[in-house]
Amino acid sequence: MSSIVRLRFAPSPTGHLHVGGARTALYSYLYAKGHDGEFILRVEDTDEERSTEEAMKSQLEALDWLGLRWDEGPDAETLVDRGDHGPYRQSQRLAIYKKYSDQLLAEGLAYYCFLTDEEIDAQREKAKGTVGAFQVESPYREWTLEQAQKRIDAGENAVVRFKADRSKTHYQFKDLVRGDVKFPSDMVGDFVLLRSSGMPVYNFCCVIDDALMQMTHVFRSEEHLNNTLRQLMIYEALGFQIPEFGHFSMILGEDKQKLSKRHGATSVQQFRDRGFLPDALINYLALLGWTHPKEEEILPKADLVSSFGLDRITSSPAVFDEKKLTWINANHIKRLDKDRLWGLLEPRLKAAGLELPTESTWIEKSLQVFSSYLETLEDAVSLYQPISPKHFDIDAAADQVFEWDTSKSVFEAWKSILSATDSEFLSEEQFVQAQDQVKESCGVKGKNLFMPIRVAIIGKPHGAELKILVPLVSKSELLRRVDLVLAKA
RNA sequence: GUUCCCUUCGUCUAGAGGCCCAGGACAUCGCCCUUUCACGGCGAAGACACGGGUUCGACUCCCGUAGGGAACGCCA
């Protein structure tokens with residue numbers, strides 16, 4: 001028995017990784033790493049209908065992007081297993097589940113059941129209105145293995161049902177998040193272990209894998225809390241050591257309903273595409289249900305690892321707030337060094353078709369101007385657009401400026417003063433000087449002076465400080481722009 | 001219906017009987033900085049679901065009620 005802490009994340013590959021799953025994975029990862037333990041990835045692909053290879057790849061990729069690297073499990077790129085407890089895809093562990101199913105069958109703790117869907121529906125129909133939860137009553141419960149085998153040999157399909165143990169009145173366990181939880185044992189009936197296809201069902205393989213893969217802790221979402229009863233029964237029947245359980249509450253949408261697609265972005269990839277940093281997403285997710293001991297909020301991953309603990313987890317559900325995520329993201333962007341930031345921005349600017357200078361001094365200057373405006377990486381596109389030669393246009397917000405009778409003289413003065421300068425790029429000082437000259441020559445000041453100049457330069461009445469913006473645009477381009485504005489005035 | 005879980009500002013939360021006529025953060029609003037905007041600084045508004053106990057004292061403990069959620073599958 002190893003004493004090292006081991007936790008796993010076990011997604012079912014039926015779609016993209018969404019933020020709820022990501023948070024469960026994160027908490028497991030943080031707990032494992034904070035205890036010098038191991039983080040394992042297992043793929044629960046026993047639902048043949050819905051599981052796809054594509055979804056599996058997508059989930060692994062998302063987890064990898066988040067930086068939640070696993071010590072064991074399929075490799076994100078090659079999908080080749082790494083670790084001593086494999087295989088890590090349940091669809092490749094069928095023989096193992098069969099073996100344990102046979103064991104329970106032989107011990108009389110499970111039985112073959114030939115009930116058809118129609119018969120079960122009929123039972124359910126009949127039970128309507130009666131007190132208590134519906135439970136399947138199987139007439140095959142006490143059949144011997146030999147009896148059942150005969151029908152199977154005759155070609156009939158059977159599921160393997162667990163014989164729910166009624167000798168105890170309650171099953172109890174200590175949940176790391178919720179404290180003592182107690183279930184009446186008659187809460188569940190004889191549930192299915194193996195489908196008629198031979199495919200095992202979630203609760204069965206989950207227990208076997210968690211035990212065989214030597215998990216010390218099992219963290220999962222609250223919706224699994226009730227499943228724990230069945231799993232406890234299976235642990236007991238198989239004689240496995242029971243791990244510690246922790247059930248985190250769910251993530252809700254604004255309407256307090258379980259977060260789903262109709263709430264907007266929910267998958268990790270969507271946030272990635274929209275320009276969120278993995279560390280920011282992780283930071284936000286960690287705070288959704290957990291607080292830092294000193295209530296600090298902007299936390300790099302390393303701080304998360306060192307300060308995370310179950311004692312500060314909340315057990316009530318939390319509403320996902322994109323505004324706060326955005327704020328956290330902006331903070332992480334501000335902490336990025338300029339080279340890294342540009343490395344992240346450049347591909348997005350290119351993808352948007354912007355043609356920008358490539359000299360490092362220009363890049364550095366531009367970042368100085370714009371970095372305080374970035375809430376997401378994607379914001380860079382609209383920020384850089386005004387200084388990209390191809391993308392100049394006059395914004396509707398500039399309309400008011402054209403209505404002032406002083407604006408035209410400002411445009412003209414700006415043009416003539418600009419024409420008179422001889423450098424290709426204006427320096428900050430040159431621009432400030434030029435601005436003063438415009439002021440003198442037309443006798444206009446304040447808003448009536450600065451707004452038209454701004455419009456002549458970026459086509460909008462608001463934006464980053466001009467004296468740092470102007471040096472980023474060539475004189476010829478500035479002239480082209482003032483002409484366009486003049487044509488409209 | 002049955003069982004289980006949950007309930008502090010709009011949102012995320014602090015609070016482990018007196019420190020709380022409840023603190024922080026996001027969002028909102030106002031002021032300052034800035035001859036724009038953003039960043040930043042300062043400030044305002046804003047909550048213990050309800051009802052009973054226990055106690056000298058309850059946001060904190062107990063019991064109900066209400067509300068929300070989950071499970072009751074050959075989904076996970």
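Lettering follows sequence order; numbering is per chain, from 1.
In this structure, K168(A) forms a cation-pi arrangement with Y171(A), its terminal cationic atom sitting closer than 6.0 Å to the ring centre and no more than 45° off the ring axis.
The side chain of R178(A) contributes no N or O atom lying less than 4.0 Å from OP1 or OP2 of rG69(B). Within the 4.0 Å cut-off from OP1 or OP2 of rG73(B), at least one side-chain nitrogen or oxygen of R124(A) is found. Within the structure, every side-chain polar atom (N or O) of T291(A) is placed at least 4.0 Å from both OP1 and OP2 of rC12(B). Between Q257(A) and the phosphate of rG69(B), there is a side-chain N or O to OP1/OP2 separation shorter than 4.0 Å.
Counting to the nearest Å, the C1' atom of rA76(B) and the CD atom of E48(A) are 14 Å from each other. We find that CD of E156(A) is positioned 17 Å from P of rC74(B), with the value rounded to whole Å.
Looking only at atom types and distance, the side chain of H16(A) has a donor-acceptor partner in the side chain of S58(A) under 3.5 Å away. Checking D209(A) against Y97(A) by side-chain atom types alone, a donor-acceptor pair falls below 3.5 Å.
The residue E223(A) sits close only to the backbone: its heavy atoms come under 4.0 Å of sugar-phosphate atoms, none of a base. Within 4.0 Å of T314(A), counting heavy atoms only, lie sugar-phosphate atoms of the nucleic acid but no base atom. At a threshold of 4.0 angstrom between heavy atoms, the contacts of R220(A) with the nucleic acid are absent. At the heavy-atom level, S371(A) lies nowhere under 4.0 Å from the strands shown. Using a 4.0 Å heavy-atom criterion, one finds that H247(A) contacts no nucleic acid atom at all.
Contact of S249(A) with rC6(B) (side chain to base): no donor-acceptor pair of N or O atoms is detected under 3.5 Å. In this model, a side-chain donor or acceptor of N227(A) finds a partner on the base of rA76(B) within 3.5 Å.
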- Note on the structure: Nucleotide by nucleotide, nucleotides 24-39 of chain B touches protein heavy atoms under 4.0 Å in the pattern (B base, S sugar-phosphate only, - none) BBSS-------BBBBS

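A parallel orientation is assigned to the rings of F245(A) and H247(A), their planes being inclined by less than 30° (bins at 30° and 60°).
L374(A) has its side chain within reach of L345(A): a pair of non-hydrogen atoms, C-beta onward, lies under 4.5 Å apart.
One P atom belongs to rG53(B), the other to rC59(B), and the distance between them is 15 Å to the nearest Å. Across rC33(B) and rC42(B), the matching P atoms stand 15 Å from one another, rounded to whole Å.
R42(A) places no side-chain N or O within 3.5 Å of a backbone atom of Q90(A) that could act as its donor or acceptor partner.
Across all strands shown, rA44(B) is found opposite rU28(B) as a Watson-Crick or G-U wobble partner, with both distances under 3.5 Å.
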